[in-house]
Amino acid sequence: MPSFRAPRGTYDILPDEQPYWSFALKTAAETAKRFGYGRIDTPMFEPTDLFERGVGDATDIVQKEMYTFEDHGGDSLTLRPEGTAGVCRAYIEHGLHNQPQPVRMHYIGPYFRYERPQAGRFRQLRQFGVEAIGDGSPNVDVEVIELGWSYIRSLNINGTSLRINSIGDSECRPAYLDALREYYRGHIDEVCDDDRQRFESAPLRLLDCKRTQCQGIGDAAPKSTDFLCDACDAHWASVIALLDGLKDTYPDLDYSIDHRLVRGLDYYTRTVFEIEPENAAGQSTLLGGGRYDGLIEEIGGPPTPGIGFALGLDRIISEVKSREGFVPPESGPDVVIVHLGDEAGLRASALAAGLRDDGLGVLVAPVGRSMRAQMRYSNSMNARYALIIGDREIESAEGALRPLRDNGEQEAVALNVQALAKALRGD
RNA sequence: GUGGGCGUAGUGUAGUGGUUAACACGUCAGGUUGUGGCCCUGAAGAUCGAGGGUUCGAUCCCCUCCGCUCACCCCA
């Protein structure tokens with residue numbers, strides 16, 4: 001047994017898996033570009049306070065999922081469990097409010113949460129996220145949702161569904177929470193133990209409980225959208241109207257309003273949304289996000305609205321695989337140089353350097369193997385050609401270039417970079 | 001943190017209370033004179049997850065631990 005293994009909840013992405021990641025990452029970058037979201041990279045760790053204040057003390061993330069450590073200087077740092085807080089910190093730190101608003105940014109990278117791993121859930125997870133900061137209009141909400149939807153469609157993942165809700169803001173939420181508490185007070189004996197805990201600490205999350213015994217109670221609970229203040233209500237109505245406008249482009253964007261969708265992070269205001277795959281089983285959320293109009297101020301910046309989403313790339317990749325939405329392209333070097341003898345070995349190495357410098361993919365067959373073995377190697381590498389160099393070829397200064405992927409004729413080509421490059425590129 | 005399932009070569013699997021633990025794929029080598037794919041032959045590769053117990057004897061039975069996995073919680 002190997003003495004070391006990848007830490008629990010992490011995994012290696014071996015070369016054969018990389019095409020799927022390249023596809024997802026490249027598509028993410030292209031999608032972000034189409035929408036005008038420039039890339040931002042922030043540190044993988046931040047001051048612990050940033051997450052405690054930004055994400056919220058009462059959240060599961062802060063309470064039990066953070067990788068927190070003290071560095072040698074005595075500062076408490078935390079491996080980032082999510083992306084929004086760091087991006088907002090950067091927005092404040094670099095005075096991005098002086099740029100045209102909203103500032104649109106996207107990010108791709110790893111995040112860390114100490115959780116029990118399970119299908120689609122890891123301790124190191126990779127996310128593609130976007131943030132639009134500095135514009136509170138509902139148009140931006142829908143733009144962000146459109147971006148996420150477009151991305152998923154670009155990956156040929158069909159059948160996804162969008163759920164959306166509005167949880168109000170600091171103006172109207174207190175009244176809603178009062179109503180919610182009052183309602184649950186009448187059912188406190190019927191809900192699960194966890195919910196009794198949440199009753200005081202995080203009443204919104206009562207709605208989110210998946211236990212069957214709590215389902216009916218949650219369904220009949222007061223709805224946040226019935227308590228919205230005028231400003232939030234107008235915003236919410238606009239979001240829905242704008243969302244309907246996307247149906248011309250995306251006929252299958254059949255969103256549903258889910259009054260029990262509240263999200264688990266404290267910073268959300270107004271619009272919250274999630275996208276799930278077709279056969280949504282439990283915690284398979286592909287994308288989740290919402291508006292966070294109070295966050296920037298909470299972590300020390302001026303009052304600034306913002307909205308964004310994060311998408312789980314690990315889950316996206318498994319969707320891509322399960323749906324055959326992507327076929328890895330055929331790969332392999334242009335040529336493997338098969339060489340016999342010391343002299344040929346030297347020539348092979350020199351020619352390989354020249355051809356690579358010319359832009360071609362070149363492998364030199366492993367040293368010390370028989371010609372048959374080298375040819376087998378060339379084949380298993382899925383090379384387009386084998387270039388054979390032995391005593392005869394050195395003498396004549398012409399190598400034998402043999403096509404491997406099709407049944408073309410083997411031909412003699414002068415042993416210099418120019419002639420070989422020309423032949424390898426197909427005249 | 002709480003439950004269920006599972007731990008046998010690199011990978012995927014078989015197997016039995018008793019001698020050298022099997023098969024496929026993969027890897028490496030060979031199939032006469034310098035030529036791949038298919039085929040054939042051979043080799044390397046496993047302290048049968050770890051520790052303890054029952055037994056004359058355990059990979060197999062029992063216990064503990066560890067690991068993987070699925071689910072709950074929650075999220076991406």
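Letters A, B, ... mirror the listed sequences (proteins, then strands); counts begin at 1.
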A/Asp226 atom CG, neighbour heavy-atom count above 12 within 6.0 Å
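Above 12, so yes.
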Whole-Å distance separating the [atom1] atom of [X] from the [atom2] atom of [N]:
| X | N | atom1 | atom2 | value |
| --- | --- | --- | --- | --- |
| A/Glu82 | B/rC74 | CD | P | 18 Å |
| A/Arg121 | B/rC74 | CZ | C1' | 6 Å |
| A/Arg5 | B/rG49 | CZ | C1' | 8 Å |
| A/Tyr385 | B/rG37 | OH | C1' | 17 Å |
| A/Arg123 | B/rC74 | CZ | C1' | 14 Å |
| A/Gln63 | B/rC73 | CD | P | 17 Å |
| A/Phe112 | B/rA76 | CZ | C1' | 14 Å |
| A/Phe122 | B/rU69 | CZ | C1' | 11 Å |

Look at the side chain of A/Gln118 against the base of B/rC68 and say whether a donor-acceptor pair falls under 3.5 Å; ignore hydrogens and angles.
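Between B/rC68 and A/Gln118, which were checked side chain against base, a qualifying N/O pair under 3.5 Å is absent.
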What I want to check is whether an N or O donor and acceptor connect the side chain of A/Glu276 with the base of B/rA76 at under 3.5 Å.
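For A/Glu276, whose side chain was compared with the base of B/rA76, there is no donor-acceptor pair (under 3.5 Å).
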Distance-only criterion, 3.5 Å: show the donor-acceptor pairs between side-chain atoms of residues 136-148 of chain A and protein atoms not counting sequence neighbours.
unit_1: A/Ser137; atom_1: OG; unit_2: A/Asp135; atom_2: OD1; d: 2.9
unit_1: A/Asp141; atom_1: OD1; unit_2: A/Arg291; atom_2: NE; d: 3.0
unit_1: A/Asp141; atom_1: OD1; unit_2: A/Arg291; atom_2: NH2; d: 2.5
unit_1: A/Asp141; atom_1: OD2; unit_2: A/His235; atom_2: NE2; d: 2.8
unit_1: A/Asp141; atom_1: OD2; unit_2: A/Thr271; atom_2: OG1; d: 2.6
unit_1: A/Asp141; atom_1: OD2; unit_2: A/Arg291; atom_2: NE; d: 3.2
unit_1: A/Glu143; atom_1: OE1; unit_2: A/Arg104; atom_2: NH2; d: 3.1
unit_1: A/Glu143; atom_1: OE2; unit_2: A/Tyr37; atom_2: OH; d: 2.5
unit_1: A/Glu143; atom_1: OE2; unit_2: A/Arg104; atom_2: NE; d: 2.7
unit_1: A/Glu143; atom_1: OE2; unit_2: A/Arg104; atom_2: NH2; d: 3.4

Would you mind checking if A/Glu330 and A/Arg384 are paired as a salt bridge, meaning a charged N to carboxylate O distance below 4.0 Å?
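The answer is no: the pair does not qualify as a salt bridge.
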Could you measure between the two [atom1] atoms, the one in [N] and the one in [M], and give it in whole Å?
| N | M | atom1 | value |
| --- | --- | --- | --- |
| B/rA58 | B/rG52 | C1' | 14 Å |
| B/rC28 | B/rU55 | P | 50 Å |
| B/rA24 | B/rC39 | P | 12 Å |
| B/rU13 | B/rU8 | C1' | 9 Å |
| B/rA43 | B/rU69 | P | 36 Å |
| B/rC48 | B/rU59 | P | 6 Å |
| B/rG12 | B/rG57 | C1' | 32 Å |
| B/rA44 | B/rC62 | P | 35 Å |

Classify the ring geometry between A/Trp21 and A/Tyr11 as parallel (under 30°), tilted (30 to 60°) or perpendicular (over 60°).
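Taking A/Tyr11 first and then A/Trp21, their aromatic rings sit tilted (interplane angle of 30° to 60°).
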With both distances under 3.5 Å as the test, what is the Watson-Crick or G-U wobble partner of [N]?
| N | answer |
| --- | --- |
| B/rC48 | none |
| B/rG42 | B/rC28 |
| B/rU59 | none |
| B/rC68 | B/rG5 |
| B/rC23 | B/rG12 |
| B/rU35 | none |

Do nucleotides 29-36 of chain B as a string where each nucleotide becomes B, S or -: B if the base has a protein heavy atom under 4.0 Å, S if just the sugar-phosphate does, - if no protein is that close.
SBB--BBB
Which atoms form the tightest heavy-atom contact between A/Leu265 and A/Val55, and what is the distance?
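A/Leu265 and A/Val55 have their closest heavy atoms at CG-CG1, 3.9 Å.
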Measuring to OP1 and OP2 of B/rC68, would you say a side-chain N or O of A/Arg8 lies under 4.0 angstrom away?
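For B/rC68, OP1 or OP2 has a side-chain N or O of A/Arg8 closer than 4.0 Å.
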Quick check on B/rC74: is either OP1 or OP2 less than 4.0 Å from any side-chain nitrogen or oxygen of A/Arg263?
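For B/rC74, neither OP1 nor OP2 has a side-chain N or O of A/Arg263 closer than 4.0 Å.
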Can you list the steps and then say if A/Ile108 with A/Gln127 is a side chain to side chain contact (heavy atoms under 4.5 Å, CB included)?
CA-CA 6 Å; A/Ile108 294 170; A/Gln127 292 186 336; over 6 Å; no
Could you check whether A/Gln374 gets within reach of a base, just the sugar-phosphate, or nothing at all, counting any heavy atom under 4.0 Å?
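No contact at all - A/Gln374 keeps every heavy atom at 4.0 Å or more from the nucleic acid.
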For A/Ala310, report the nucleic acid contact type (base, sugar-phosphate, nothing); a contact means any heavy atom under 4.0 Å.
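Since only primed, P, OP1 and OP2 atoms lie under 4.0 Å of A/Ala310, the category is sugar-phosphate.
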A/Arg123 to A/Tyr114 six-membered ring, cation-pi geometry met (6.0 Å, 45°)
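Relative to the ring axis of A/Tyr114, which defines the angle, A/Arg123 lies inside both limits.
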Mind checking side chain to side chain donor-acceptor pair (under 3.5 Å) for A/Tyr385 and listing every partner two or more places apart, or none if nothing turns up?
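Expected list: none.
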Are side-chain N/O atoms of A/Glu298 and A/Tyr292 paired as donor and acceptor at under 3.5 Å?
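No, no side-chain donor-acceptor pair sits under 3.5 Å.
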